[in-house]
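Comments concern the structure below.
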There are 2 protein chains.
Amino acid sequence: MKTVHKKHKYLQIAEKIEELINDETLKIGEKLPSIRTVSTEQGISMGTAFQAYYNLEAKGLIETRPKSGYYVRLNNVRFPSLPKAHPLEPIVNEGSVQEMIDAVFKHLGTKDLINFSIGSPSMTLLPVAKLTKSIVHAFRSSPHNCIAYEDIQGNPELRKQIAKLSFNWGGRTKPDDVVVTSGCMKALVMCLKAVTNIGDVVAIESPTFFGIFQLIQSLGLKTIEITTDPFEGIDLKYLEKTIKKFKVKACVFVTNFNNPLGSCMPDNKKKELVEVLAKYQLPLIEDDIYGELYYGKQRPKTCKSYDTEGLVLYCSSFSKSLAPGYRVGWCIPGKFTDKVKQLKQIHTVASTTITQVAIAHFLQIGRFEYHLRSLRKSLHTQCFRYTQAILAYFPKDIKVSRPKGGFVLWIELHVNVNSFDLCQRAIRQGISIAPGRIFSADEKYRNYLRIAIAGLMIRT
Amino acid sequence: MKTVHKKHKYLQIAEKIEELINDETLKIGEKLPSIRTVSTEQGISMGTAFQAYYNLEAKGLIETRPKSGYYVRLNNVRFPSLPKAHPLEPIVNEGSVQEMIDAVFKHLGTKDLINFSIGSPSMTLLPVAKLTKSIVHAFRSSPHNCIAYEDIQGNPELRKQIAKLSFNWGGRTKPDDVVVTSGCMKALVMCLKAVTNIGDVVAIESPTFFGIFQLIQSLGLKTIEITTDPFEGIDLKYLEKTIKKFKVKACVFVTNFNNPLGSCMPDNKKKELVEVLAKYQLPLIEDDIYGELYYGKQRPKTCKSYDTEGLVLYCSSFSKSLAPGYRVGWCIPGKFTDKVKQLKQIHTVASTTITQVAIAHFLQIGRFEYHLRSLRKSLHTQCFRYTQAILAYFPKDIKVSRPKGGFVLWIELHVNVNSFDLCQRAIRQGISIAPGRIFSADEKYRNYLRIAIAGLMIRT
């Protein structure tokens, strides 16, 4: 029985709000009144109002978003469980995954498609006009209007800006450590070629983005999947066991907001991972393409942050955060830099000049940081709205990931549902979603689904 | 003994001019007076003047250049012999070629370098301002100012324009047959990956551009060199013998104005080559990057022109003719198109949007054809001026190629000269040239040299 008179005022307020959340008067993702408003409306001090919110935050019911305020985080009653991480068994690759991928993505160009499978942000989230100003600046300020070949390693000012950007995740990067590439996939290609030979085994997360899977295969390499937890990222013990058992030659991990899981490896675990890899002198290709798209207060670190031996080949790009069509990515390949530079010269010569110069300018004048702040907020809001819509319209027995960044949700459906069938039925209704089966060589994810939350905006 | 009175007037005039050429009063590459001027000055009819020039042209002493007039072609007395094509012996690859390439090209960024080794045209030869207008048009006319991903296969209007362009060499290309790539090297990578497996043998010309050699090696493939004649291109008999003897899985040939030889395979020989390859069902990757840069009246055809079975994978780009820094190339992979499209999706996703849209516009409004006409003229003139300078300043015993297009000269020095040593001595004087040794796994070209004629303009 509640004994109200004994309770602190702030707890009374907190309980009231908790009830509103539980009965869905306050919905997930909804903004709460400011501390000042609560204080005025409830006739309490600002301090008490703050304590009430602090209590709810500690319970995980609400959360602050930088420079925005307090939001309802989750609903104890209705929030679904997390999708399961499957223990892995020996891989059976049927070779039909490619057909599924083709079946899903051949419709991407269709007009009026309701597209929940595209891996890039809506154009409404990108600074189209401001980037165009940087393009104009680029050809006005550069010799020969950017028609000439760019520096093979990458535009020097852009490399400087990328080095500065790495400071945010604790990188000690110099412009000469950076190699600019035509997108992140190209960075992965160069890094993989630098550290492997044909036939080598490469460890990847499970599930993992099918593009990485296809890429590794197309380079004549073999993949081995490592169990990956939705919260903790890859299973280090399983990894070490696998390194010992198979002749693993390199790892490719998306440590921050992995696609499709949305998992973000805690920073101390990243440090542990780097130590394990150093023990076996195993290179890690770290794909950090979503690293800047965090919903929380702080950018998560990277494995590269803890790398003292140059074994981590860091890869990223501006395709998910700024301009997909510019095709500007980069890598910081540690002790493999010379090899990567040489490969780039052979395979690409230089990357496109004008887009490099434009992005360098965009970063130099501080517009990228400014843009990221608003992009992160929008993605966070979208993530909530999508989750809420899924709770409202999907069956009750589903499980949904709770990513802390990036722009995909990973959904576990009832075990009897074949999500590829579901996708094909959806496409006939003009809706595109990605079936879980394409994210692993293992069949375990046949009742899973990936929903991209940044292509189509949900407005309230 | 000359019996002048019996000779036709036109022959008298022709002989006079021949003497002027032989004693170098009229220098190689120099423009002759117009037919009208000769007619007026010599007091002869226009018809007689024309006959005189026609006689000299038949002798190979002068030549017409479209819309420009008559020029001194060669000097019987002083014009050097052609470099030798070496019969090949089993290849010994020392692995030191890479070091030579690095030694030559690490200096490319040096300020004030007199650069005779760069493989791209001088910016003064390119339509910088007009292309910029197409860039402005591109972001003004496209949705989202070209920030979004482009069609994976390539911008549709650009593919249409490329299909139209192929009409000039007798191509029957539809926009859907074209795959746009980030430069020609990327087109070669995709095509090689589409038709070979790791460890396969690929036939290339000898000598061949070292970039092609490095690329094939870096894909885990083996190369076998085919004897190539400076005039006739590759030796078909030697090729057929090699196909039979080794398990050749594909060929990569530059059929028009090959680098460094400058050879242009006669069109009927291209047809024969296609027939030989059809007999063995062997795919040919045809690199036609210099095809548009002909000095003569007509664009040479391509092997693709004669390909009825879809075995020819045609590759080219705008890097040598329009905008190196835009990184826009393409391929027309025949029956391997689906495979190439899939590989492109995996390795590159899409290519840069804005440069594709800009070049599509540039072609659409007819500016490319217009620009090519003046570029061809300039290159032809440069080729003559470089040849003349080489004759004036190099030892008498050298041999020089006589390319009919493209922008390199291939020079055979005295057999005792080690051209790599020469290059290193040249670089200390601030001059960059490319040693013959890097164009073959064979050591036969150690006394050869490649001079690029389009990077630095010789003015008279």
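A, B, ... follow the sequence lines: proteins, then strands. Residue 1 opens every chain. Being a predicted model, the structure only gives us computed values, none of them experimental.
Heavy-atom pairs under 4.5 Å with chain A were tallied for B:G325, B:G329, B:S319; the largest tally goes to B:G325. Chosen from B:G220, B:G211, B:C146, the residue pairing most often with chain A at heavy-atom distances under 4.5 Å is B:C146. Of the listed residues (A:V189, A:I198, A:I118), the one with the most heavy-atom contacts under 4.5 Å to chain B is A:I198. Between chain A and the options B:L188, B:I346, B:L219, heavy-atom pairs under 4.5 Å are most frequent for B:I346.
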Let's go through A:T355 and B:T352 carefully: what are the C-alpha distance in whole Å and the side-chain angles of both, what is the deciding distance for side-chain hydrogen bond (donor to acceptor under 3.5 Å, both in side chains) to 0.1 Å, and is it a yes or a no? CA-CA 8 Å; A:T355 47; B:T352 308; 4.8 Å; no
Evaluate side-chain hydrogen bond (donor to acceptor under 3.5 Å, both in side chains) for A:K193 paired with B:S218, printing each intermediate quantity in order. CA-CA 9 Å; A:K193 286 186 80 74; B:S218 90; 4.5 Å; no
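B:H144 is not listed as a side-chain neighbour of A:L126, based on a closest heavy-atom distance of 4.5 Å or more. With a 4.5 Å cut-off on side-chain heavy atoms, B:I354 and A:I135 count as touching.
Closest heavy-atom contact between A:M185 and B:H347: CB-O, 3.7 Å. For the pair B:S351 and A:R327, the tightest heavy-atom approach, listed with the atom from each and the gap, is C-CG, 3.6 Å. Taking all atoms of both residues into account, the shortest heavy-atom contact from B:V128 to A:I147 is CA-CD1, 3.5 Å.
Both the backbone and the side chain of A:Y149 come within less than 4.5 Å of a heavy atom in chain B. Heavy atoms of B:L131 lying under 4.5 Å from chain A belong exclusively to its side chain. Residue A:Q356 does not touch chain B at all, counting heavy-atom pairs closer than 4.5 Å.
With rounding to the nearest 0.5 angstrom, the CG atom of A:L215 is 12.0 Å from the CD atom of B:Q345.
Annotation: A:K133, atom NZ; neighbour count of heavy atoms from other residues, nucleotides and ligands within 6.0 Å does not exceed 12. Within a 6.0 Å sphere centred on NZ of A:K222, other residues, nucleotides and ligands contribute 12 heavy atoms or fewer.
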